[in-house]
Structure formats: C-alpha cells, structure tokens
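Read the numbers this way: they start at 1 and go in the same order the structure lists the ligands and their atoms.
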Amino acid sequence: MADEPGQPPALTNLSLAEQAPEVETKQATGQIVTPFDVSGGVDESGKLLPVDYNKLVQQFGASPLTPDILERFERVTGHRPHRYMRRGIVFSHRDLSKILDCHEQGKPFYLYTGRGPSSDSMHLGHTGPFEFTKWLQDVFDVPLVIMMTDDEKFMHSQKIEIEDAKRYTKANVRDIIAVGFDMKKTFIFSDFEFVGGAFYENICRLAKRITINQIRGTFGFNDSNNIGEFHFCATQSATAFATSFPHIFGNDHKKAAKIPCLIPCAIDQDPYFRQCRDYAEKMKYKKPSLIHSIFLPALQGPGSKMSASIDSSAIFMNDTPKKIKDKINKFAFSGGGASAELHRENGGNTKVDVPFQYLTFFLEDDEELERIRVSYEKGEMMTGELKKRCIEELQAYVVGFQERRGKVTDEIVAEYMRARPLEWNGNPNPVQPEKK
Ligand code: TYM
C-alpha cells in the first residue's frame with residue numbers, strides 16, 4: 001500500500017497514539033508521565049488504563065503531528081515519513097516546522113538524543129527512538145550528539161554505584177552503535193567523562209536560572225529528592241545548545257548560538273526540555289525542537305512502558321531467540337477472546353493486544369500489518385498465530401542487532417566517543433526563503 005507523495009498517512013486506523021485513549025478515556029484518572037514514572041492510571045476497579053496520549057499532548061502543551069506537517073516533511077525532505085510517523089508512534093512535536101525551515105534553507109542544525117544507562121543491555125523500547133534518530137540522520141545528513149547520562153542514573157537510583165553506571169555506559173554505547181549511526185556524523189559522550197569546558201558553562205548558565213520550585217512542579221520531586229537530581233535537569237538540557245560542543249560547531253560562540261537542535265525521544269523526556277525551552281532565548285540561544293514517540297508497552301499491557309528496571313516487562317537486546325519466544329508466550333498481554341470459540345465469535349482487540357502493538361512498531365510492511373489487523377479483529381487469526389508472527393519478527397530484529405553489535409570493537413567505541421570535528425553535508429539543494 002504505497003502512500004501517494006504528499007498524502008496523509010494511509011494507516012490512520014492503526015495510529016497507536018489515537019487508539020489507546022478510545023479504550024478507557026472517561027475513567028483515565030491518575031495518569032503519570034515523567035522521566036521516572038509512566039502509568040496510564042487505574043480505573044475504579046483497579047484496572048490499569050492505557051496511557052492517554054491525546055491528553056498528554058494537551059497537558060504538556062506540545063503539538064500533535066498532523067497530516068499537514070507530515071506532508072510538509074515529505075515535501076521538504078523528499079522522503080516518505082518513517083513508519084513510526086505514518087502509524088502515530090511518533091505522534092507529537094515542538095517546533096518541528098522550524099527544523100524543516102532550516103533544512104529547506106540549508107541552515108545548520110543538529111540532532112540530539114540520549115540514554116540513561118541503567119542496565120547491561122538496552123531493551124526493545126529503547127532501540128525505537130535510536131532507530132528513528134538514525135533514520136532522521138540519514139534523511140537530514142546532519143551531526144548527531146548522543147548523551148549517556150551515567151550521572152543521572154547514579155544519582156537517581158539507590159542501587160546503582162558509579163562503577164555500575166560506567167559499565168552500563170560502555171555496554172549501552174555498543175548497543176547504540178549497533179543501530180548503525182554514521183561515525184563521521186556522530187559524537188557519543190558520557191557525562192562522567194565529558195562534563196567540563198563549554199558544556200559545563202552551559203550547565204551553569206541553566207542551573208543559575210532554574211528554580212527548585214520549577215523542578216518540583218515539572219518532575220514531581222519533593223524535599224526528599226537529592227540535590228543531584230535537581231541539578232541534573234540543567235545537565236540534560238545543556239546538550240541542547242550547540243555552544244556546548246566547540247569541537248563540532250566551532251569556537252565562535254555567537255555563530256554556534258544560532259544553531260538549533262531537534263530532539264527525538266519518547267514523550268517521558270519532554271519535561272527536561274520544557275525547562276530548557278523556557279530559558280533558551282533569555283540565554284540568546286535557539287529553543288530546541290522536539291519530536292516525541294509513544295512508549296513501546298510493557299509485555300503486561302499498554303498501561304505502562306517497557307522498562308529496564310522491571311525484568312519481566314521487557315525484551316532485552318541480549319535475549320536469546322528462545323527467551324524472546326518464552327517471554328511473548330508467557331507474559332505478552334493478549335487482546336484475544338477468552339476461549340477459541342469466543343475469539344472466533346467476537347474477534348480480538350488489537351488496541352490492547354501487546355503482540356499486535358509490537359508488530360506495529362517493528363513490521364515494516366504496511367499491507368501485511370493491515371491484513372493481520374483485519375483478520376485478528378474478525379476472529380479469523382487466532383492469538384497463537386499472532387504471537388508466532390510477532391515472535392518471528394522480534395527474533396529476526398534482535399538477531400540482526402546482535403550480529404551488528406558483535407562487530408563493534410573497543411577501538412570503534414573509542415572513536416565514536418572521541419571529541420572531534422564531525423563531517424556532514426545537510427541539504428544539497430537548499431532554497432532561499434521568499435522575501436516578505
Ligand atoms: P532512557 O535511557 O530512559 O531512554 C532512552 C530513550 O528511550 C526512550 N524510551 C522508550 N521509548 C519507547 N518505549 C519505551 N518503553 C521506552 N523507554 C524509554 C526514552 O524516551 C529515550 O528517548 N535521561 C534520558 C537520557 C537522555 C535523553 C536525552 C533521552 C539524555 N538526553 C535526550 C532522549 C533525548 C534517559 O534516561 O533515557
């Protein structure tokens with residue numbers, strides 16, 4: 001099912017961000033989404049509710065990724081929107097149009113994303129934003145900085161010591177490299193190693209402005225949170241300013257100050273950048289733009305996200321094919337009927353079915369996905385078959401990933417993490433802005 005260029009995405013009936021709220025919107029009380037907690041809340045009977053993404057976009061004051069902006073994205077870049085964009089997985093943004101203006105006019109900008117290393121292996125949910133970021137890097141041909149927030153994880157978790165955070169960083173950087181980023185255009189850094197110089201100056205510029213009250217309100221912190229957690233908010237934000245990276249953007253502060261960034265992430269990271277956007281212009285910097293995705297749900301269902309700290313909620317990138325099969329068969333929440341008979345009679349509910357949702361994230365073929373949806377909802381395809389298809393797809397994805405990861409040597413890691421100039425071309429055919 002090829003989309004016509006410039007047409008809104010064909011799979012509107014599969015838009016995950018749109019779907020989830022339909023299930024239980026009226027009862028969705030107590031939803032929490034912060035960088036540290038994600039829950040759709042519970043209804044009166046104690047049932048976990050799916051995250052209501054429409055409500056979240058409104059609450060956060062972000063903008064939905066509308067067919068208009070997708071159409072402009074396609075026109076300006078010459079690329080059909082990524083399947084995440086077509087399917088409502090990447091569903092909202094802040095000032096994406098400003099980045100499209102830059103690309104259109106050949107003005108510099110960069111991509112910024114990150115990982116808080118909290119486990120030896122990343123999981124399937126983490127690779128999503130990285131895969132999408134790699135795609136954006138290929139489409140825009142711009143530099144990318146990837147921040148490893150080992151300091152954040154150390155300060156936030158009672159269990160993680162500095163040595164653990166450093167070990168996780170090393171392992172996770174290999175995972176990230178295995179996604180396939182172009183080395184010439186990518187700088188990966190650990191906070192423990194990189195804080196200092198121009199970066200630290202920006203951290204301090206921000207830290208001086210952000211008040212305890214603002215952090216409390218935005219992150220739900222209270223007087224029991226340690227001061228490191230409060231201060232870290234400035235660290236994550238400072239990466240959104242090009243002046244933090246003179247080795248990439250040069251020593252001319254005024255020139256670098258005009259270079260904005262685009263931050264792809266799941267919506268849980270948005271609170272950090274709200275702070276940053278509030279102060280950017282006062283610091284004579286550009287506000288960062290963002291593009292948000294929904295969460296890959298936990299195996300247990302769409303009320304919470306796949307999380308590295310809850311082992312049974314996640315499929316890790318170092319899981320064996322057998323483990324993947326067992327986890328899906330044992331834990332994956334099914335939207336199928338209670339019995340084969342009931343399933344054939346009433347069909348399955350793809351909106352809450354975890355194997356179907358995973359296929360929506362990972363299966364590239366729009367037509368096959370649509371066939372599965374129709375057949376499962378009619379009760380023709382059974383739960384076992386759907387799980388089998390999901391297992392095959394995830395096994396192939398994880399095995400391919402592990403093969404690429406196996407080729408990442410210590411030297412390759414060191415080169416990605418070396419502060420050095422990057423090489424990029426941007427838009428080869430920029431257009432001049434029309435004179436007003
Ligand atoms: P972290 O390590 O929690 O997550 C890394 C990236 O994965 C996203 N993510 C998910 N996406 C989909 N489904 C899930 N279940 C899921 N769980 C996590 C996160 O939103 C993130 O994009 N503090 C950050 C590290 C960081 C960062 C950034 C992330 C620093 N600067 C800029 C994004 C952009 C963290 O702990 O991410």
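- Residues satisfying the side chain to side chain donor-acceptor pair (under 3.5 Å) criterion with K327, sequence neighbours excluded, are D319.
- At a 3.5 angstrom cut-off on N or O pairs, I294 does not count as close to ligand 1.
- Residue nearest to atom 19 (C) of ligand 1, selected from N172, T149, D268: D268 (by heavy-atom distance).
- Here is the list of ligand 1 atoms found below 4.0 Å of a heavy atom in F295: 12 (C), 13 (N).
- In this structure, H156 has its ring center at least 6.0 angstrom away from the ring center of F232.
- When the salt bridge (charged side-chain N to carboxylate O under 4.0 Å, His left out) test is applied to E104, the partners found at least two apart in sequence or on another chain are R72.
- With a 4.0 Å heavy-atom cut-off, ligand 1 is reached by the side chain of F273 but not by its N, CA, C or O.
- Side-chain rings of Y272 and F219 approach one another, their centers coming within less than 6.0 Å.
- Of the candidates K153, Q236, H292, the one placing a heavy atom closest to atom 30 (C) of ligand 1 is Q236.
- Between Y110 and Y112, a ring centre-to-centre spacing not shorter than 6.0 Å is recorded.
- The aromatic ring centroids of F194 and F199 lie less than 6.0 Å from each other.
- The residue among I146, T235, L296 with a heavy atom at the shortest distance from atom 14 (C) of ligand 1 is L296.
- Of all the atoms in ligand 1, the ones that sit under 4.0 Å from a non-hydrogen atom of E152 are 23 (N), 24 (C), 35 (C), 36 (O).
- Closest heavy-atom approach to atom 11 (N) of ligand 1 among the candidates P35, S119, S304, G125: G125.
- Residue contacts with ligand 1: S293 is placed with no nitrogen or oxygen under 3.5 Å of a nitrogen or oxygen of the ligand (distance criterion only).
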